[in-house]
Structure formats: structure tokens, C-alpha cells
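To start, the structure under review is shown below, and the notes come after it.
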Amino acid sequence: MIDGPYYVLVLVGVLGTGLVAGVFCGFSTFVMRGLASLPPAQGVAAMNAVNRAALAPAFMLVFVGSAVLCAMIAVVTFVVWPDHGKAELLLGSGLYLFGSFGLTAMANVPRNEALAKLEPGIPEAVSYWPVYVREWTLWNHVRTVAAAAAAVVYVLALS
């Protein structure tokens with residue numbers, strides 16, 4: 001049985017990965033659909049504003065903090081090697097670190113950076129906008145599932 005500070009660490013990991021999954025789910029289910037319905041110049045301008053706002057400390061604390069927690073959980077699991085939940089703890093950490101945090105760096109951030117370089121009304125921005133929405137949203141679906149799965153697997157480790 002996981003207990004003491006290790007239990008609290010995993011419980012906070014559940015909370016962090018679950019919160020991130022919720023943010024990503026909101027983007028996949030309604031934010032991106034709403035932005036996609038705007039004329040391209042407005043969509044590009046709005047998404048660039050959202051991307052800048054996402055760098056605020058509140059979201060970064062949850063997003064990056066969850067990655068740090070997941071890494072800590074993995075390290076502690078390797079050190080303690082508990083009789084119960086080790087596979088779930090390592091799987092949950094991997095799901096978030098690679099499927100959510102890593103995927104953000106590899107798939108979503110490069111698209112955000114490409115979009116940020118475009119003036120909203122220019123022809124390149126207008127033609128890139130539907131491609132951006134489709135590809136960014138697809139990878140966001142994957143991030144959502146990975147973060148939610150990490151939370152679920154952590155819960156299973158605690159039960």
C-alpha cells in the first residue's frame with residue numbers, strides 16, 4: 001500500500017494531471033471549434049492571444065509542475081520499488097511526461113510558434129489557419145487522452 005508522503009505526492013499528481021487533462025479537453029471540445037468558426041484573420045489573432053496568455057504563471061505552474069511531479073513519482077518509484085502500484089505509477093508518469101508534456105513541445109508549440117510569426121490578415125496566415133486548427137487539435141486530443149489516462153492510472157495505483 002502506498003502511504004505517507006509518497007501517497008500525498010501521487011495524490012497531487014492525480015490532481016495536476018487531471019487539471020491539465022481538463023484544460024486540454026476544453027480546448028479540444030469547444031475552444032478550438034469556436035476559434036475555427038471565426039474568419040481566419042480573427043482566429044489567428046485570437047489563438048495568438050490565447051497562446052501568449054497560456055504562458056502565465058497560473059497555467060505554467062500546473063502544466064510544468066505536473067511534469068515535475070510525474071518525474072518525481074517515477075524517480076521515487078524506482079528508488080522505493082513498492083510491492084503495489086509500481087507499474088501504474090511508472091505508466092502514469094510516462095503517459096504524462098511523454099504523451100502530454102513531451103508532445104506539447106514536439107507538436108503543439110512548433111505550430112504555435114509558426115502561427116505567431118504570421119500577421120493575421122496576410123494570405124499565408126489565411127491559408128495556414130485551417131491546417132493549424134486541424135493539426136493542433138488532433139495533437140491536443142492525444143495530449144488530453146494522455147493526461148487523463150495518467151490521472152486514472154495514478155488513481156489505480158492508490159487503490
Side-chain angles (χ1 to χ4, degrees), residues 9-78 88-157:
L9 182 67
V10 176
L11 191 61
V12 175
V14 170
L15 178 62
T17 58
L19 283 170
V20 171
V23 170
F24 290 166
C25 182
F27 264 83
S28 281
T29 58
F30 60 85
V31 172
M32 292 307 290
R33 288 180 184 193
L35 293 175
S37 72
L38 296 172
Q42 291 177 2
V44 169
M47 189 65 189
N48 281 334
V50 168
N51 287 335
R52 285 188 300 274
L55 299 175
F59 177 68
M60 288 282 97
L61 178 66
V62 174
F63 181 62
V64 176
S66 294
V68 170
L69 278 168
C70 290
M72 289 172 60
I73 290 167
V75 168
V76 172
T77 299
F78 276 117
E88 292 90 346
L89 294 169
L90 294 174
L91 178 60
S93 294
L95 282 165
Y96 187 82
L97 289 171
F98 296 103
S100 190
F101 190 78
L103 190 59
T104 298
M106 299 300 294
N108 295 84
V109 168
R111 286 169 175 78
N112 292 346
E113 290 171 346
L115 190 70
K117 293 176 184 173
L118 301 174
E119 287 296 321
I122 65 171
E124 291 85 2
V126 171
S127 66
Y128 181 58
W129 177 241
V131 173
Y132 172 89
V133 169
R134 183 178 61 254
E135 292 176 353
W136 192 97
T137 304
L138 171 69
W139 290 115
N140 193 64
H141 292 337
V142 176
R143 296 187 312 167
T144 302
V145 170
V152 168
V153 174
Y154 280 161
V155 168
L156 292 174

| request: Evaluate the side-chain contact (heavy atoms from CB on, under 4.5 Å) criterion for residues Met47 and Asn51: first the C-alpha distance (whole Å), next the side-chain angles of each, then the deciding distance (0.1 Å), finally the verdict. | output: CA-CA 6 Å; Met47 189 65 189; Asn51 287 335; 3.4 Å; yes

| message | side-chain contact (heavy atoms from CB on, under 4.5 Å), that's the test. Do Thr17 and Ser100 meet it? Break it down for me. | response | CA-CA 9 Å; Thr17 58; Ser100 190; over 6 Å; no

| Derivation and outcome, side-chain contact (heavy atoms from CB on, under 4.5 Å), residues Val10 and Leu89 | CA-CA 8 Å; Val10 176; Leu89 294 169; 3.6 Å; yes

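Contact record, Pro110 with Thr104: CD-O, 4.1 Å, taken as the closest heavy-atom pair. Among all heavy-atom pairs drawn from Ala45 and Pro120, the shortest one is CB-CG, 3.9 Å. Of all non-hydrogen atoms in Trp129 and Pro40, the two that sit nearest each other are CD1-CA, 3.6 Å. Glu88 approaches Leu156 most closely through the heavy-atom pair CG-CB, 4.3 Å. Heavy atoms only, all atoms of each residue included: Ala46 and Leu38 are closest at CB-CD1, 4.4 Å. Taking all atoms of both residues into account, the shortest heavy-atom contact from Ser28 to Thr144 is OG-OG1, 3.9 Å.
In this structure, Pro57 and Leu61 have side chains that are not in contact, with every pair of non-hydrogen atoms separated by 4.5 Å or more. Put simply, the side chain of Phe24 does not reach to within 4.5 Å of the side chain of Val145, judged on heavy atoms. Counting heavy atoms from C-beta on, the side chains of Val23 and Phe63 never come closer than 4.5 Å. Looking at heavy atoms from C-beta onward, Val68 lies in side-chain contact with Met72 at the 4.5 angstrom threshold.
Panel note: side chain Thr137, backbone Arg134; no donor-acceptor pair is recorded below 3.5 Å. Panel note: side chain Ser37, backbone Gly34; a donor-acceptor pair is recorded below 3.5 Å.
Every residue meeting the side chain to side chain contact (heavy atoms under 4.5 Å, CB included) condition with Ala67, not counting sequence neighbours, appears here in chain and number order: Tyr96, Leu97, Phe101. The side chain to side chain contact (heavy atoms under 4.5 Å, CB included) search around Val155 returns Val14, not counting sequence neighbours.
With rounding to the nearest 0.5 angstrom, the OH atom of Tyr154 is 8.0 Å from the CG atom of Leu9. Atoms CG and CG, on Leu69 and Leu11 in that order, are 10.5 Å from each other to the nearest 0.5 Å.
Around atom CE of Met106, no more than 12 heavy atoms belonging to other residues, nucleotides or ligands sit under 6.0 Å away. Atom CZ of Phe98 has 12 or fewer neighbouring heavy atoms from other residues, nucleotides or ligands inside a 6.0 Å radius. In the displayed structure, Glu135 atom CD is contacted under 6.0 Å by more than 12 heavy atoms of other residues, nucleotides or ligands.
Judged by distance alone, the side chains of Asn140 and Arg143 do bring a donor and an acceptor atom under 3.5 Å apart.
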